[in-house]
Q: 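Mind having a look at this structure? Questions to follow.
All residue numbers refer to positions in the sequence shown, counting from 1. Both ligands and their constituent atoms are indexed starting at 1 by order of listing.
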Amino acid sequence: METVVDASTSEEANGSAVEKKPIVVFVLGGPGSGKGTQCAYIVEHFGFSHFSAGDLLRAEMNSGSENGLMIRSMINEGKIVPSEVTVNLLQQAMEESGNDKFLIDGFPRNEENRAAFEAVTGIEPAFVLFFDCPKEEMERRILNRNQGREDDNIETARKRFKVFLESSLPVVEYYESIGKLQKIDAARPIEEVFESVKTVFASINEKVKPHGRAEKKFTLLKLQLKWKMNLLRNGVCKGY
Ligand SMILES: Nc1ncnc2c1ncn2[C@@H]1O[C@H](COP(=O)(O)OP(=O)(O)O)[C@@H](O)[C@H]1O
Ligand SMILES: Nc1ccn([C@H]2C[C@H](O)[C@@H](COP(=O)(O)OP(=O)(O)O)O2)c(=O)n1
Ligand SMILES: [Mg+2]
């Protein structure tokens, strides 16, 4: 499988200026495949900021915001929350982080998520990690997770698997078709899975060198400006 790295640089339309772009890695896999677990290790070893779309949605749901009830009912039905909400939360978290290397976990979960993120931020992932795990193993892990999540019950888990097959797998296949997918066998012990993950990151690390402090700040300022311009052009949620 080919690894296509958006090597954090891109040519401007006029071909002259070379701009540093934030590095985004999407982390996909069925519910319970081990995305969050592996992301914690990646953060430790490779200096990324980790944002789980599900965690951000749960925080929003518990914050008493006007979207709270809608988010809760979607999550408990195993459905995917409208991209407008999720992309906003991700964008805000990225802006506030001060980092320019992001692991986006559990996103994009459908084509709408994928297109909205790209339209709003103008960012395409450097590559996409996909944790491949049999359904029975994911089910076991979810039922043993013990994090007090309302959606970690057998009925909701089955609905989530169905949504994963119908809506998320096509996105995984899309990234495979453009050579950006890094598939990892997730049905092994945590340390073994991480060995494979490390190999993927080590091989791209040379090209995805951390930016210096000044560069980071400049990249972030440019990013914020670009997002604001995208918002002006597209409206807050039109064009999704
Ligand atoms: N490779 C693994 N083998 C066994 N259990 C795992 C493995 N990876 C994660 N787990 C456990 O499975 C559950 C789901 O993992 P998590 O990282 O939350 O998955 P996801 O974010 O994909 O839903 C957690 O309780 C976690 O400790
Ligand atoms: N991009 C996303 C990510 C999660 N959600 C909602 C729907 C998902 O079933 C829940 C839980 O997602 P989360 O990634 O935390 O779940 P897992 O870690 O895969 O078990 O959140 C969403 O609507 N859109
Ligand atoms: Mg998770």
Q: Quick one: which ligand 1 atoms are inside 4.0 Å of a heavy atom on G36?
A: 17 (O), 21 (O)
Q: With a cut-off of 4.0 Å, which atoms of ligand 2 are near a heavy atom of I75?
A: 6 (C), 21 (O)
Q: What residue and atom, counting heavy atoms only, is the protein's closest point to atom 7 (C) of ligand 2, and at what distance?
A: K79 O, 3.4 Å
Q: Of all the atoms in ligand 2, which lie at a distance below 4.0 Å from a heavy atom belonging to R160?
A: 9 (O), 16 (O), 17 (P), 20 (O)
Q: For ligand 2, does D151 get within less than 4.0 Å through its side chain, its backbone, both, or neither, judged by non-hydrogen atoms?
A: side chain
Q: Heavy-atom contacts with I80 under 4.0 Å: which atoms of ligand 2 show up? List them by number with element.
A: 23 (O), 24 (N)
Q: Can a side-chain donor-acceptor contact be found between S49 and N99 if the only test is distance below 3.5 angstrom?
A: yes
Q: Would L57 count as being in polar contact with ligand 2, using the rule that some N or O on each side must be under 3.5 angstrom apart?
A: no
Q: Quick check: D105 and ligand 1, any N/O pair under 3.5 Å apart?
A: no
Q: So which heavy atom in the protein is nearest atom 5 (N) of ligand 1, and how far is it from that ligand atom?
A: R141 NE, 3.7 Å
Q: Please tell me if the side chains of S73 and K79 come closer than 4.5 Å, counting only heavy atoms from C-beta onward.
A: no
Q: With heavy-atom distances below 4.0 Å as the criterion, list the atoms of ligand 2 near F107.
A: 1 (N)
Q: Find all atoms of ligand 1 within a distance of less than 4.0 Å from any non-hydrogen atom belonging to T37, and give their numbers and elements.
A: 9 (C), 15 (O), 16 (P), 17 (O), 26 (C)
Q: Consider only side-chain N and O atoms of S196 and R188, and report whether a donor and an acceptor are under 3.5 Å apart.
A: yes
Q: Please check whether Q147 reaches ligand 1 - meaning an N/O of the residue sits under 3.5 Å from an N/O of the ligand, judged on distance alone.
A: no
Q: Could an N or O of ligand 2 be found under 3.5 Å from any N or O of V81, whether backbone or side chain?
A: yes
Q: Look only at interatomic distance and state if S52 has a nitrogen or oxygen under 3.5 Å from any nitrogen or oxygen of ligand 2.
A: no
Q: Does G32 reach ligand 1 with a nitrogen or oxygen that is under 3.5 Å from one of the ligand's nitrogen or oxygen atoms?
A: yes
Q: If you measure from each heavy atom of G29 to ligand 1, is any distance below 4.0 Å?
A: no
Q: Return the orientation label for the F48 and F201 ring planes: parallel under 30°, perpendicular over 60°, tilted otherwise.
A: perpendicular
Q: Within 45 degrees of the axis of the six-membered ring of Y174 and under 6.0 Å from its centre: does R114 put its NZ or CZ there?
A: yes
Q: Going by distance only, is there an N or O of S33 that falls short of 3.5 Å from an N or O of ligand 1?
A: yes
Q: Going by distance only, is there an N or O of N113 that falls short of 3.5 Å from an N or O of ligand 2?
A: yes
Q: For ligand 2 and R145, I'd like to know whether there is a polar contact (N/O to N/O, distance under 3.5 Å).
A: yes
Q: Check ligand 1 against R188 and write out every atom of the ligand that is under 4.0 Å from a heavy-atom position of the residue.
A: 1 (N), 2 (C), 3 (N)
Q: Tell me whether R58 has any N or O atom under 3.5 angstrom from an N or O of ligand 2.
A: yes
Q: Of all the atoms in ligand 2, which lie at a distance below 4.0 Å from a heavy atom belonging to R149?
A: 11 (C), 13 (P), 15 (O), 16 (O), 17 (P), 18 (O), 20 (O)
Q: Quick one: which ligand 2 atoms are inside 4.0 Å of a heavy atom on A53?
A: 1 (N), 2 (C), 3 (C)
Q: Heavy atoms only, cut-off 4.0 Å: how does P189 contact ligand 1, side chain, backbone, both, or neither?
A: backbone
Q: Out of K35, Q147, K159, R109, who is nearest to atom 13 (P) of ligand 2 when you count heavy atoms only?
A: R109
Q: At less than 4.0 angstrom from any non-hydrogen atom of G106, what atoms of ligand 2 do you find?
A: 1 (N), 2 (C), 3 (C)
